[in-house]
Amino acid sequence: MHRAEDGTLDVIEPEDLDPDELVSFEPVEGVITDLLNSEDIRALGEQVPPGSSAAPIVWEDLWAVPLTAAVRASGGRTISSAGWSGRPS
């Protein structure tokens, strides 16, 4: 995302970028949806100063998947320690 000097926010999707100009990461397998919705993007974009750009990154620690499943299976619940609640702090 890029916020122009006049405050206008322009959001660019990764698939719209030239893959030859990007840093290479392993491709994501499967369908990924609902990681960041339009409200999340808008809220993040409001935090970008005019004349600046930002690239939200979603990171998943796959080692935690079995742990999370075990916690939920035993009736527990997990909370994030990263501080992201869907709204910028």
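- Looking at R3 and S52, their side chains never come closer than 4.5 Å, going by heavy atoms from C-beta outward.
- From L67, atom CG reaches atom CZ of R72 across 10.0 Å, with rounding to the nearest 0.5 Å.
- Heavy atoms only, all atoms of each residue included: S53 and V48 are closest at N-CG1, 4.2 Å.
- Note that the CG atom of L9 and the CE atom of M1 stand 6.0 Å from one another [nearest 0.5 Å].
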